[in-house]
Amino acid sequence: MQMEFAGFPYLSAILLSCLAGLLLILFIPREKQLQIKWVSAIFSGITLLLAIYLFFAYDKSRGGLQFVEKLEWIPYLGIQYFNAADGFNLPNLLLTGIVFFTGVLTMWEMRERVKEFFALYFLLVIGVYGLFMTMDLFFIFVWYDVSLIPMYLLIALWGTTRKEYAAMKLTLYLLAGSALILPAVLYLVVNSGLNTFDIVALMRPGTFTPSQQKFAFILLYLGFGILAGVWPFHTWSPVGHVAAPHAVSMVHAGVLMKIGAFGVLRVAIFLCPQGWQHWAELMALLAAVGIIYGVLAGLRQTDLKYVIGYSSVSHMGIVGLGLSTLTVDGLNGAVLQMFAHGVMTALFFSSVGYIYDRTHTKAIAELGGLSRIMPVASSYFIVAALASMGVPGLANFWAELLVLISAFRVYPVRGLLAIIALVFSALFMLRVVQQTFYGPNNEKYATLQDVTFGLGMPRMILVAILVLFGLYPSLMLDMIETASIPFINGLP
Amino acid sequence: MMHWMLISPELYYLTAAFWLLVACMTGPPKPKRDYFTALSLSAVGVIISLASVTLQGILFSQTYRIDLFAQVFKVMLASGLFLVVCICTELNGIRERYQRELYLLLFVCTLAMMMLVSSVHLLNIYISLELSSYSLYILVALRKQRDMGLEAGIKYFLIGIFASALMLFGIAMLYGATRVSHIEDLIQVLPGLVDNPAVIIGLLLTLSGFFFKLAVFPFHLWAPDVYQGASNQVTAYIATASKVAAIAILLRLIALTGDGSVYLVHVMVVLSIISMTIGNLAALVEQDLKRLLAYSTIAHAGYVLIGILSMNDAGYSGAVFYALSLLVMKFAAFLVVVQVAGDGRNLRIEQLAGLHRRSPVLALTLMISAFSLAGIPPTIGFTGKFLVFAAAMQRGYFTLVLIAMINVVISLYYYLLVIRAAYLLEPREEPADVRISPALKSLSIAMTCLMVVGGIFPHYLIELARAAVRGLM
Amino acid sequence: MTFFTFIFFLLAIIIVVSTGLAITRRNLVHAIIYLVFSFLGSAMLFYLLGAPLLAAFEVIIYAGAIMVLFLFIVMSVKVDSSEEKMFPFSQLAPTALFGFIYIIIGVVVVVKAPGSYAILETAVATPKDLGHYTLASHWLSVEIVSLLLLIALIGVLCLGQNKKGKTEDKT
Amino acid sequence: MIVPFSHVLFLGGILFLMGIFCSVTRRNLFMIVLGVEIMLNAAAIVFVGAALRWYDLEGQAFVLFVLAVAATEVSVGLAMIVYAYRRTGSVDPSTFDLLK
Amino acid sequence: MAVLWSKDVTLLAAVAATLAPFASFVLIMVFTRSHPRLSAGLSLSAAGISLICALALLAGHWDMPEPIQYSGNWLASGDIHIPFGYLLDPVSLLMLAVVAVIGFLILVYSLGYMAGDPGFARYYALMSLFLWAMMCLALSPTMFQLYVFWELVGLSSYFLIGFWYEKFSASQAGKKAFIMTRAGDVAMFVGVILVLLNLGNLNILDMDNPSIAGRIPQNLLTLSALLIFGGIIGKSAQFPLLTWLPDAMQGPTPVSALLHSSTMVAAGVYLFERLFPFFSLSPHAMAAGLAIGTISMLLASTMAMVSRDIKEIWAYSTISQLGFMLMGLDAGSFFSGAFHLTTHAAFKALLFLCAGVFIHKFATNDIFELGEKGSRNLRVPMVCTVIAAGALAGLPPLSGFFSKELILAGLAGLANPLWLAAALLGVFLTAYYAFRPIFIVLFPHHSTSSQKASSASPDSGHEDAHDQAAYRLMAIPLLILAGMTLLLGFFQYPLQDFLKYQYAYLGIPADRHYGWLPYVASFLAFGGVGVAWVEFGRPGAARVGFVERIPILFRLFSERWYLDHLYRYLLERVVDKGLSHIFAQNDNKVIDGSIDGLGHGTVESGRIIAFLHTGMIQYRLLAIFVVMVLLSLYFFF
């Protein structure tokens, strides 16, 4: 077997520490819940630290793929275990680390079948990490499914509203996406004549004819797009968000939907740039419709999580719009939006989680006046809402700015549509904030405690990250540019 | 004498069968002792098959071929038998008096299938196929719940003889048109005769016998009833070993006809699509777990056909791998069925309720096998599907792969229902814990590991399958 | 048209007609009797086509043993076949339709198959030749068949051996 | 000189169809088995004709085995049918609808 | 970034001025939330630093021929570069100073006003944020930075307006303010992008360069100018987005004072000043702006004439004065707008702060009640109110008179006399509505004020001492502001001198003086006051305005020309019940329905197929036969 490791395999170390955590959890007796939680927190923390290390250790001046790990896996089919980091996946790895870690902390108070929960949660995250770091098409598909399958049990077992329906719907819906991906991937690999699944090898210009690219691109786009919540294939997302337990919602909306967008970028766009150029108009249209549609449909929702679900649809539309612009700015914005939206949604669900755990309701109509009772918990939600509205000072603003500018430049009408959605997104979010947190003191909840420091920690981290990248977006954008500029310049 | 060494697995199984036959005729049945006899016999069989895996030779006036392909399948069959015997600890589904006959018939059937995978002469193939079928007809009918067993037996039998008559007529047509009875001659004469309807239709009819074994549409109609009607262990055997043998012989035949006939490919494409579609659709509403697995078998037959009809190395090796994966994952599923239905009755899905507490190991095995059957990575079932689909794509069958993938999605629905029952449903009244012996527990863990490890590190298995296929050509 | 040709057509007519009668009889005994005629016709056809040993076996096994067994069983269980619904439309109609297509296909197959007009010349395979050949090149199959019959025996024993222990076996 | 092989093949085909017709349309388990017997016989005729065509004993050897298989089939089949008849009192295939 | 570390005193001052409030915001939010006094101290000292720095900057750059610009890279992506920095020129320094002064005074005032409020610390944090955003906005060198802080200003005003979030109307008003200004912002955003796409950057100095006309096609220039003007409409509450401002008085009164005088709404006008050369390149945009300013001014005046709520009246007056400023600017008279903005900041802050004292004391907003409860006894605020109202009405020699006169002069220079006529009408109406509440409060009908006052005092008797302290604390800023209102008018020439280098390259002709204009204006202003006196002030007046005698008009005016109804209708019918409903239904019924339908269809077809597998054995044989025949048949095709 041929191996190639440039130094210590940090990327694999992330996967391995997840795996180690998973195994360790399996070996802890189920009664020792606290131990399980600590193990989860420690191992997720390790992955976060590794992700942070990678993020800063990446040599931006050199760019390109770094921390490459290559290992022949199935040589007969040209399948390699090939991990690498570049400007596109490092933000996502960091995001995964953040959401993973904070997700564990968010579930600190859970009591029910803790062991299984964290085991599945780790499995889920292994898939997510794996997908973000791999550069091999086969493994992309494998990780895609690995990250989907635990979702079923996580939602169906620990979920809330219509959980079984939602779990089934989500799983089948997303696997339907994979039903488009696998044929398309195979199609590309076979037609390349290279007998390899290596993305780097396959993305060389001229590997595929334009018509092949067009054909494969649309399949890949739709396949991954389903996971990215592309309109009109988004309906799994609100339903799934609502039903899932909080940490799962966090990972789900925060990271899993990014997998879809990342897949579009890494597979569809990387391999079929001409297909991309051909279908960009359609992508932009769907994205723009999704942006405004998500916001408007969300206006009428009465469940806190539904609201967030629809806002996710809208925000993922922004990612899609960015990806459709064929410009550096668009790509930058899209990747930044992936990151920012991930953190923001995680914050949303994390704070809703706290509120739900206390009040046992997510119905907006039953809440109200919470700001007086739990000001800190409320303010976390409000920060998320502000981020969602694209308020400057928070990371989302920059992402939306970049995407909207480049979209407006390339597709004026669709861009305008997306910009107009900003008004409604403000209306949408402020209305929720008002109905949930403002208004007179709610007697029902008067005895509830505000969030303590320890429990508030995950939310604090998320807020801090939103603010950090809101005030200092270059930190992230410089990273993304190392990938996006060479990529756009390399386009035929 | 080298000559006899070549067929040592067959000889061994023949001897074992006679031993059991003698045992049948002597003294009253002692289930425990019989079980261990059968278990040790089958375990030795596995060892012998493994030992003879590298043998090569042509025997019996060119009608019998020992090559890596056949030997690999023999190992699979032997392990299939061994595994099925393993779960015969509580033969509550079989009348006690006939338990030794059960072992006897299983051994004979395995022997017949071993001969089937080595046969290269149509007559041999036909007769071995009949032998294995007849053993199964009787096995099915041995069910303790007689009405069920009998009905299933009759249906199996009638459809079986109908299919075998079709096959025989096909052989007759083929022979009449080409004088070919030795399938290795087919490859020489066939290219000139692809337009001859008698040859091609004869070939199609010949294949129908194997389609029957594999439960491919339209010869699948026995499967649901037989799976439901037969006792759990017998069903397990039908679902594992018998399928493996059918895949093997189908592969051998198709590999030799080459991709001469576009028509045959088309027919197989159609049959494959219909098989997997109706299999998966019918399973959606099924409540009886065994019947559900029968439908899933039909669907899997469709997937395997994709590999076979690709008619290239990749497809054949994919099919071999698929056979192996089917053996493992179907067996794992039946292991759970047999253990949970301790009374030998059929198992309805809702009876799985609360399994995760009653027996976490079994629940896990069930879950992994369900995902594996559905083709979700990183399980062995996924790798099998992947190989097969990749092979089909090499031939440009994009639509076929797409349809197959859509089928995978549909199938996941009912597999998830099974998992849901095991993990989510709470039983209405608390059923007793599932008793499971440590040996079986470790077997079940081993199966789970095999499914996962085989999915993560499939390299060596794939290489093995490829080597086997190289021997085939 | 040679004599043999004539014989062939005669036998063909006998076989087809008696088979046709057999499959349309309500009474099972009648049906079996007609079928015996059909098999006897087949036996003669075998003889005509140069297979005297097979002809003899056909008479002994098919027309003899198998049909007699049939007859024996049918008579012993006294099936009241008068209640049988003969040729229900739902089965008859598609069978007839596709049977018709089948015939068309059969004609085309027979007509189109190259070399199927090769005239069969009379020749005889002596029983000795056949026996020799069979045991020389197919003795494995012979063994398998023996095993098959053994299995059938066991199976019948198992199935028949219920309460009364009555057996209707036959090898 | 007897007839062309096509005639034999055609005869076999017709018989085969009759066998199928019998097994498919007669609501009687016995008749189903009987129909299959006819089908086997049809195959045997074709084999013998083909053997003559090629002057090859292979075809005749086939028939030999077909006879044996037919015998097995009848014995096992009849045993099952009789057994079923004893339990249900009917040989109508439509009475077997327990499994679903 | 290197620039930011230089030892340039100017830069340090600018950084200190802008950073101090932000630092206090962060510190309060993170650490001292539970310590009101400490928080207030932090906030005040931060505001003090800003004030000192701002004044120092203003003084230090009194004669500044060239704008000073500092910038560091904030974000660079592809061809979008977003620098962060400071642009110091007369306009921005003046604005900075105004914000710092007013802000500081209001913070001092709030010590008294907000004392004892549970959200005291939060209040100071948000105020600091507000000041920070506004200062950074004022010093923005690029439209991007300006847009960012523009949004932040909106955000902080949202929080401050909805400060008392337990009150439904307060949170509602905050939301309304944010969303209506957001609507304008979106237009502005598009306009900014248009400029960016055509110009390549958003440097304000580049945009103000007349050479821009050659780099952007004229129609695009007009379009983007109009779109950016949309942002101004939203922020400065101009027609048609003017209804949020009267509602915004739901916030604490000091917030209203800050909002109305120097921050939120002033930002719109400030933007216009900032981009004055840019706008003046497009005559159509200028004309549109003029029209909108005029309409807003008149509409707001009419609304103010019928309102009974003192804060609402001052809020309407803000709109109308902002309309005046825009009219002046759009008429091409840069200085008049800037000057009026400055004077307005002072007297409007004063008006609100005085109103705040009344409200704080008597817990009512209704002018009639205020009058009856004896507001006139509160000498300092009453006097200050009169002074400020005089300035508002443009009575000489108060500051408002001078600035308004300049605007009128600018308008008089226009070819179309209609604008001047409208403005003069506005002057009259302003005087009328400014003095209508004064007279009502000052001369209550049932002059039993002392009884009322004494009956009111027992309620809060035990808090008297505290009240007195608070009152004194509040009085100081009032007096300072009153002084400014009185004197600022005379600083016209120094100010003009200060601003002379601003846009000097445009070669704006010096405003011509129309000798008759001050007289006409003063006459009209006094006329307005006189009418108000006749109707409300004189003993035995009917206390019914002439508008109230015409019910239709009264209804129209008091319902804000039904603009709110229109918006509510649009929101409820078109957005909520229309689009949103349709989309949500579409989601449930069409998309989800079809997906679920597909699922059910699949399962149902599965049921059918499973049923087929239970058929009689012969059907199965038949099926085999049929399929094989069909497959054979296929061979021949």
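Chain identifiers are assigned alphabetically (A, B, ...) following the order of the sequence lines, protein sequences preceding nucleic acid strands; residue numbering begins at 1 within each chain.
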| task | List the steps and the verdict of ring pair (Phe, Tyr, Trp, His ring centres under 6.0 Å) for B:Phe386 and A:Phe197. | result | CA-CA 13 Å; B:Phe386 181 79; A:Phe197 283 76; 5.6 Å; yes
| task | Using non-hydrogen atoms and a 4.5 Å limit, figure out which bit of B:Ile419 sits close to chain A: side chain, backbone, both or neither. | result | side chain
| query | Per the side chain to side chain contact (heavy atoms under 4.5 Å, CB included) rule, which among B:Ile406, B:Ile403, B:Leu402 passes with A:Pro183? | reply | B:Leu402
| task | First locate atom CG of A:Leu182, then atom CE of B:Met393, and finally report the distance between them rounded to the nearest 0.5 Å. | result | 7.5 Å
| said: Does any backbone or side-chain atom of A:Phe138 lie under 4.5 Å from a heavy atom of chain B? Answer side chain, backbone, both or neither. | reply: side chain
| query | Between atom CD of A:Glu116 and atom NE2 of B:His356, what is the distance when rounded to the nearest 0.5 Å? | reply | 7.0 Å
| Could you give the distance from CG (A:Leu186) to CZ (B:Phe389), rounded to the nearest 0.5 Å? | 9.0 Å
| query | B:Tyr423 and A:Tyr152: aromatic ring centres closer than 6.0 Å? | reply | no
| request: Below 4.5 Å from any heavy atom of chain A, which atoms of B:Ala404 appear? Answer side chain, backbone, both or neither. | output: neither
| Are any side-chain N or O atoms of A:Trp73 and backbone N or O atoms of B:Ile456, one a donor and one an acceptor, separated by less than 3.5 Å? | yes
| Partner chain A: residue of B:Leu387, B:Ile462, B:Leu412, B:Leu424 with the largest heavy-atom pair count (under 4.5 Å) | B:Leu424
| Given that the side chain runs from C-beta out, which part of B:Arg466 has a heavy atom under 4.5 Å from chain A: side chain, backbone, both or neither? | side chain
| said: Between A:Ala167 and chain B, with a heavy-atom cut-off of 4.5 Å, which part of the residue counts as in contact: side chain, backbone, both or neither? | reply: neither
| For A:Val190 against B:Ala390, the heavy-atom pair lying closest together | CG2-O, 4.2 Å
| Quick one: of B:Val408, B:Leu416, B:Asn407, B:Val401, who has the most non-hydrogen atom pairs under 4.5 Å with chain A? | B:Leu416
| A:Phe141 versus B:Pro377, closest heavy-atom pair with distance | O-CG, 4.3 Å
| Contacting moiety of B:Pro378, where chain A heavy atoms sit under 4.5 Å | both
| field | Non-hydrogen side-chain atoms of A:Leu172 and B:Ile410 separated by less than 4.5 Å | value | no
| query | Is the closest side-chain heavy-atom distance between A:Met168 and B:Leu417 below 4.5 Å? | reply | yes
| Heavy-atom contact with chain B under 4.5 Å, split by part of A:Phe139 | neither
| Can you tell me how far CZ of B:Phe457 sits from CD1 of A:Ile74, rounded to the nearest 0.5 angstrom? | 10.5 Å
| What's the spacing between A:Asn191 CG and B:Gln394 CD if we round to 0.5 Å? | 10.5 Å
| query | Side chain, backbone, both or neither: which part of A:Leu153 has a non-hydrogen atom closer than 4.5 Å to chain B? | reply | side chain
| query | Do other residues, nucleotides or ligands put more than 12 heavy atoms under 6.0 Å from B:Lys441 NZ? | reply | no
| said: Out of A:Leu219, A:Ile79, A:Leu175, A:Leu77, return the one with the most heavy atom pairs under 4.5 angstrom to chain B. | reply: A:Leu175
